[in-house]
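Since the structure comes first, as structure tokens, the remarks are kept for the end.
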Amino acid sequence: MMIKKLALFLFFLVFSGLLLAQESNGDASVEKKVFIDNLLSKMTLQEKVGQLRLVSVGGDLTLHKVLDQIQAGEIGGIFNTVVEPDLFQMQERALKSPSKIPLYFGFDIIHGHRTVFPINLGIASTWDRSAIAKVAEVSANEATTDGLNITWAPMVDITRDPRWGRVSEGFGEDPYLTSEAGRIFVEKMQKQSLADKKSLVTTVKHFALYGAVEGGREYNSTDMSERKMFQEYLVPYKAAIDAGSRAVMVSLVSVNGIPATANHWLLTEVLRNQWHFDGVVVSDHGAIRELINHGVASDPKDAVRVAIKAGIEMSMNDEYFLQFVPELVKEGAISEDEINQACRHVLELKYDMGLFSDPKRNLDPTLDIDTMFADNRLHRAEARDVARRSIVLLKNENEILPLAKNKKIAVIGPLADSKRDILGSWSGAGRANLAVTPLEGIKNAVKNPESISYAFGANLSDDENLYRFLNLYGETTKFDNRPADKMIAEAVKIAKKADIVIAFVGEAEGMAHESSSRTDLSLPATQKQLLNALKKTGKPLVIVLMNGRPLTLSEEYAQADAMLETWFLGTEGGNAIADVLFGDYNPSGKLPISFPDNVGQIPVYYSHLNTGRPRGTENMGKYTTSYFDSPNEPLFPFGFGLSYTNFAMDFSLSSSEMNKNGEIIVKVNVENIGNKEGMQTVQLYLQDVTASVSRPVKELIGFENISLKPHEKGEVEFVIKYDMLKFWNDKMQYVAEPGKFNVFIGSDSTTQNKQTFTLLD
Ligand code: BGC
């Protein structure tokens with residue numbers, strides 16, 4: 001009896017709690033609507049347009065001019081300023097504008113803020129949700145401490161063409177891995193409530209398909225079937241929006257013949273009508289003007305009309321909105337309702353951020369530059385932890401790694417001591433002088449730094465044009481004018497005296513950035529010559545790669561005794577590299593993108609469709625899908641990465657059949673069969689064997705990490721649910737079709753470790 005009463009009482013408590021919560025939510029949203037309706041009703045058209053303008057200080061637009069425009073109510077948001085006293089001053093002026101609407105402040109926080117984490121390809125290489133979460137949390141904390149409210153991240157463009165420089169900014173080739181990273185960024189940056197002072201609003205970008213540009217050429221066109229879009233390329237944007245991202249940035253490219261900025265289908269039919277996105281749609285930098293070059297607008301005024309009609313709301317780096325929107329409204333080419341709706345989205349966002357009640361949140365007008373960039377504001381421990389998890393061991397012949405700390409080591413190469421490069425691109429609020437280079441990291445790790453010798457060895461390249469390109473807006477990459485053979489001789493000299501040679505080669509950070517497409521993905525000749533000379537010394541050679549995209553490395557792979565992919569690891573990069581080289585951390589990274597054997601294979605990715613004539617081995621593969629001068633397979637496949645230990649895996653399915661409401665449990669036994677503690681990423685792939693459309697040979701649908709001591713056994717479990725079997729069928733319906741499915745478990749995408757089940761009718 002007592003228990004019954006208690007249960008009833010508890011039920012009552014929970015139920016009334018729910019009702020109260022609903023009511024107060026309801027009240028809050030009514031309050032918000034009343035507030036915004038009221039505000040909108042008092043705003044002039046000019047002011048409404050002002051809210052749609054995103055502006056940054058620079059060039060002709062001096063701080064003075066920007067402040068005047070702010071006070072006139074002509075600017076809604078500021079980006080690219082991270083100096084708090086300036087932001088404070090701007091906000092004060094906004095509060096003196098006719099409607100006193102606060103500004104919001106944005107910045108590109110792509111892989112860290114003051115503390116720079118690895119570039120996103122590196123973050124994705126961790127295959128570790130908690131590491132990704134750490135990056136997002138620390139970045140949001142640092143950015144909001146700096147008074148920022150919104151970021152233009154996460155960048156979740158699927159990238160399968162390493163010729164494109166922005167490959168470095170994404171999370172690789174796979175929709176599932178990229179979606180997971182994007183989702184975590186959104187959840188951890190925005191937090192539970194935007195009103196949280198540490199919440200940073202995310203802007204998922206670049207919607208859509210920027211990563212699929214023709215030939216990897218920057219700002220180019222994309223053309224893709226709707227099936228491929230919905231099945232693969234659009235998935236990560238949708239995942240970020242479903243996770244609650246309150247803003248979307250539109251890509252600079254054309255999508256099936258229509259620039260994304262002018263693409264009503266993309267921005268309105270898909271984004272708003274199908275996906276029910278109710279946040280703010282931001283154009284990319286200068287995208288409105290570019291509609292004229294794209295050939296879909298005749299002049300600036302027409303470009304504004306076309307963009308707004310398609311669904312653009314805020315204009316980034318706006319030049320034309322203020323000038324032309326009022327005129328276009330007057331002429332009836334766009335309606336005031338359209339502007340009201342866009343302005344409402346911006347005001348709602350500001351309201352939810354809590355800016356109307358606390359416009360100067362996190363802004364300290366007295367903060368000086370030294371404090372702003374102070375070392376004690378950095379999160380070095382977190383940066384080092386994520387950085388070492390991002391490193392991928394590609395080769396380790398004769399277990400040459402890890403190294404003993406008492407060896408004589410020659411550290412060589414143009415990237416071995418470069419503070420700027422290790423930060424990677426998009427690290428605007430970071431400071432190179434605070435970064436740890438590999439040489440510094442190695443010296444920090446050993447007991448006797450005297451045992452470490454160093455030589456620059458070679459310039460990154462001898463192509464003058466490349467240096468002009470890299471240093472166009474200020475010197476970032478120094479060219480050493482000494483003769484090449486002299487530099488090589490110096491390197492060889494120290495190599496000969498050492499027990500082991502570690503060569504740091506790859507790209508300057510500026511080679512893997514926006515607007516840095518390449519057609520040749522091999523190491524430039526200067527670096528190859530250096531490696532050849534080092535190889536000739538006969539000393540064990542460890543090649544450590546620093547680069548922002550997959551390179552073609554078959555020669556270097558053959559030369560190296562051991563090879564590490566370290567991307568650009570950020571502030572703590574050098575220490576993280578040393579952790580792995582000396583075995584203080586057992587490498588666990590896995591490639592989030594395939595490395596082509598040669599450029600001609602591109603695109604090369606693991607989740608391709610099967611063909612009527614799969615690659616055969618007989619008769620030299622003739623009349624099957626193959627090249628006669630190259631393998632089909634990449635040099636390093638998606639998901640690949642070694643460890644200092646070895647793991648064995650086997651697995652079972654809970655059933656060989658599944659129905660609509662059922663599920664299959666995949667139990668994986670993992671054993672560390674080596675003699676070092678280590679972490680393995682267990683990867684789960686699925687293949688729908690027969691369907692109404694051809695399905696990929698394999699698709700990643702899950703991954704989990706397990707850490708095991710030597711000879712320890714452990715278990716990882718996955719659950720395959722009906723929804724995970726769905727795809728866009730021959731009628732473009734998102735369904736699962738009955739039939740046979742192959743389940744693969746492995747440590748990379750080439751696994752053939754397979755079990756089968758049938759989805760029943
Ligand atoms: C890039 C965006 C970036 C914006 C603002 C553009 O050039 O394409 O990704 O967010 O600049 O910095």
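Each residue takes its place number in the sequence, starting with 1. Indexing begins at 1, ligand by ligand and atom by atom, following the structure's order. No experiment lies behind these values; they were computed from the predicted model shown.
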*Apply the test side chain to side chain contact (heavy atoms under 4.5 Å, CB included) to residues Asn362 and Thr145: give CA-CA distance (whole Å), side-chain angles for both, the deciding distance (0.1 Å), then the verdict.*
CA-CA 6 Å; Asn362 301 323; Thr145 302; over 6 Å; no
_Run the ring pair (Phe, Tyr, Trp, His ring centres under 6.0 Å) test on Phe117 and Trp426 for me, step by step, so that the C-alpha distance in whole Å, both residues' side-chain angles and the decisive distance to 0.1 Å come before the verdict._
CA-CA 11 Å; Phe117 285 91; Trp426 295 107; over 10 Å; no
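- Summarising the geometry of Arg160 relative to Pro175, their closest heavy-atom pair is NH2-CD, 3.8 Å, with the distance given to 0.1 Å.
- His206 and Tyr210 have perpendicular rings, their planes meeting at more than 60° on a 0 to 90° scale where under 30° would count as parallel.
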*asked:* Before you tell me yes or no, could you show the steps for Phe171 and Phe185 under ring pair (Phe, Tyr, Trp, His ring centres under 6.0 Å), namely the whole-Å CA-CA distance, both residues' side-chain angles and the distance that decides it to 0.1 Å?
replied: CA-CA 12 Å; Phe171 299 102; Phe185 257 67; 5.6 Å; yes
Can you produce the list of protein nitrogen or oxygen atoms under 3.5 Å from a nitrogen or oxygen of ligand 1, alongside each distance?
unit_1	atom_1	unit_2	atom_2	d
ligand 1	7 (O)	Glu514	OE1	2.9
ligand 1	7 (O)	Glu514	OE2	3.1
ligand 1	8 (O)	Arg166	NH1	2.8
ligand 1	8 (O)	Asp284	OD1	3.4
ligand 1	8 (O)	Asp284	OD2	2.6
ligand 1	9 (O)	Arg166	NH2	2.8
ligand 1	9 (O)	Lys205	NZ	2.8
ligand 1	9 (O)	His206	NE2	2.7
ligand 1	10 (O)	Asp108	OD1	2.6
ligand 1	10 (O)	Lys205	NZ	3.0
ligand 1	12 (O)	Asp108	OD2	2.5

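- Partners of Ser425 under the side chain to side chain donor-acceptor pair (under 3.5 Å) rule, at least two apart in sequence or in another chain, are His513.
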